Amino acid sequence: LKTTSDYKNNKLNIWMWGYNSSGNYIGGVLFNKVTEEDFSTEWKNYTFDLNEYTTRERQYQENGGLTRFYILISQDKIGNEPASGGVFIDNFVLEKYSALGECVDCDFVADKFAAWYQLGDTVTYTTQNSDALMGYDSVKSVFYNGDKEVVYTQNNPTNSVIKDGIKYTPTEPGFYYLDLYAVAKDGTERPIAVSYKGSFGRKTVNFEQKERTFAVVKGSPRNMDERNDMWMHCVSVAGQMEMQYQLGELLGFSGVRTDGVNWGSGWGTEGQGIEDEQGTYNWKTSDKAINMAKKYNMKNVLINIIQTPKWAVPEIYRDDTPIDIGYLYNKVAPTKENMPALGKYVKELYKRYGDTVNIIEFWNEPHYGKTYFWADTPENLSEMQKLAYKALREVDPEKKVTMAACSWNQGYQLFKELMRDKEYYDSFDMFTFHSGNGGDLKKYEGGFTDNGYERKLIGATEEYLYAYYS
């Protein structure tokens, strides 16, 4: 690569998109971001490593595997100053690709919940299907620290592993990896993996996982009254909700952002809407969500209101064909006649959960180019925000209300339009965004400064800090 002499205020993104033998896209991953400081106006070689241990995409490899990939190179502007110049690309080659070979399908499970240990504990992994190891002389285990440096290796007789498991006592806190190999009498080693079925997109496929991971911490989490008040985690009623709270307790979270309070049912959440019939409120799913937050003594509880019920929208939008991740009627505003029902719904939520919930996040990720959660006009979203805020203020003068959280830079144009309306600005207490995909926050800041507004509280209500403990 080399740049033009006027190359300034740019960054280069190197991506790989993978496809399986059927031609289906199975995952994309960012190799690296290269800023102008790394570049030269002379030709220079660059090497980018995609380490399977540091990317979640390794979980999305179907058996039969990655058979084709594309390299994509994109350029983004950095900061608020004008960008200039360009990049010349002479060649791009895949130097090496290593994939899992033929594996022994044998599941080893940690003896602690979430493979979460305290310093001084002995880490133990035991096999769940020992028959798969029959015929092998021994099991080799290799433990790595978070930097992928080998910290311990052992080779134990198969019978001993079946009886007592694999054991190791770490001497330092941190994140660890474990690779296992079945060793034949002639010394041949085969990786020990576990195959399982899981969801990928909207289908169930086969996965293969070779690597085990575990965490070692110095001690127990702090008492709840010592924790950061705004250290919150996202929990979904669609998953193993109690397990999510148990993981949150290990990590020391003090609050929760929970779903399960949808105004109407949607695709994949059929029967979970609170007001699927006008004026009739079904609290079954929302009670489950809020009661779990109470059980774990969450200091802050944020609820995310989304999904307009079918009866509330214009007749033309009441089609039951899924679009993106929901029905179209979930993503549009109520009719003018039904708009007051939104305010009543907010007040009913407050009546039932006001003693537990202290932040209401109104809607989710509206932005141009996508219709996952919103497919209507900025004006209609603004009217809904104003109405919901006014309704809550009539019953509670202090409870915080956020605007619909922004995601990616596509959200900026819509946010900019919404912020031209001073009444919209006055109808939320906190600007919220979804990091990891949050884009350039300085662009969003312009929604305040360009209109002469004071900046408000900023909250990241979705962060993507990937880790996998098994």
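If you're wondering where the values come from, they're calculated on a predicted model, not measured in any experiment. Basis for what follows: all heavy atoms, side chains included, without hydrogens, waters or symmetry-related copies.
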**Message:** Is there a side chain to side chain contact (heavy atoms under 4.5 Å, CB included) between M241 and V235? Walk through the geometry before answering.
**Reply:** CA-CA 7 Å; M241 187 165 58; V235 168; 3.5 Å; yes
Could you tell me which residues satisfy ring pair (Phe, Tyr, Trp, His ring centres under 6.0 Å) with [X], sequence neighbours excluded, listed by chain and number?
X: F113; result: none
X: Y350; result: none
X: F362; result: none
X: Y345; result: W263

To the nearest 0.5 Å, what is the distance between [atom1] on [X] and [atom2] on [Y]?
X: L247; Y: H233; atom1: CG; atom2: NE2; value: 9.0 Å
X: Y168; Y: Y152; atom1: OH; atom2: OH; value: 8.5 Å
X: S141; Y: I192; atom1: OG; atom2: CD1; value: 9.0 Å

In chain order, what residues pass the salt bridge (Lys or Arg N to Asp or Glu O under 4.0 Å) check against [X], with sequence neighbours excluded?
X: D259; value: none
X: R393; value: D429
X: K399; value: D396
X: K422; value: D426

**Request:** Answer with yes or no after comparing the ring centroid distance for F431 and Y444 against a 6.0 Å cut-off, counting only values under it.
**Result:** yes
Neighbour count above 12 (heavy atom, 6.0 Å) for [X] [atom1]:
X: E277; atom1: CD; result: no
X: Q128; atom1: CD; result: yes
X: E394; atom1: CD; result: yes
X: Y424; atom1: OH; result: yes
X: K386; atom1: NZ; result: yes

**Request:** Compute whether any side-chain donor of one residue and acceptor of the other, for N358 and N300, lie under 3.5 angstrom apart.
**Result:**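 Side chains of N358 and N300: pair found under 3.5 Å.
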**Item:** ring-ring contact (aromatic ring centres under 6.0 Å, His included) pairs, two or more places apart, involving residues 285-316
**Value:** Y245-Y296
**Item:** Selection residues 382-402 - residue pairs positive for ring-ring contact (aromatic ring centres under 6.0 Å, His included), sequence neighbours left out
**Value:**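 Found none.
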**Item:** Sequence neighbours excluded, every pair satisfying side chain to side chain donor-acceptor pair (under 3.5 Å) that has a member inside residues 217-226
**Value:**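 Applying side chain to side chain donor-acceptor pair (under 3.5 Å) to every pair that reaches into residues 217-226, excluding sequence neighbours, yields Q118-S220.
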**Asked** Do we get K456 above F448's six-membered ring, with its NZ or CZ under 6.0 Å from the centre and within 45° of the axis?
**Response** no
**Asked** Given E172 and V151, is the side chain to side chain contact (heavy atoms under 4.5 Å, CB included) satisfied, shown in steps?
**Response** CA-CA 10 Å; E172 298 287 340; V151 294; over 6 Å; no
**Message:** For a side chain to side chain contact (heavy atoms under 4.5 Å, CB included) check, start with the C-alpha distance between I359 and T402, then their side-chain angles and the critical distance, and finish with the verdict.
**Reply:** CA-CA 8 Å; I359 305 175; T402 83; 3.8 Å; yes
**Request:** Determine the interplanar angle of the Y453 and Y425 rings, folded into 0 to 90°, and report it as parallel if under 30°, tilted if 30 to 60°, perpendicular if over 60°.
**Result:** parallel
**Item:** Mutual orientation of the aromatic rings belonging to Y329 and Y327 [parallel < 30°, tilted 30-60°, perpendicular > 60°]
**Value:**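 If you compare the ring of Y329 with that of Y327, the planes turn out parallel.
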**Prompt:** Looking only at heavy atoms, what is the nearest atom pair of D376 and A333, with distance?
**Reply:** OD2-N, 2.9 Å
**Asked** With a 4.0 Å cut-off, would you call R227 and E249 a salt bridge?
**Response**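 A salt bridge is present here (some side-chain N lies under 4.0 Å from a carboxylate O).
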**Prompt:** Got a sec, which pairs hit salt bridge (charged side-chain N to carboxylate O under 4.0 Å, His left out) with one end in residues 109-122, sequence neighbours left out?
**Reply:** none
**Prompt:** Knowing that exactly one of Y177, F175, Y117 qualifies, which makes a side-chain contact (heavy atoms from CB on, under 4.5 Å) with F214?
**Reply:**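 The option that passes is Y117.
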**Asked** Picking from D276, I274, T285, what satisfies side-chain contact (heavy atoms from CB on, under 4.5 Å) with S265?
**Response**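 Per the side-chain contact (heavy atoms from CB on, under 4.5 Å) rule, the option paired with S265 is D276, out of D276, I274, T285.
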**Request:** Check whether any side-chain heavy atom of Q244 sits under 4.5 Å from a side-chain heavy atom of M292, and report yes or no.
**Result:** no
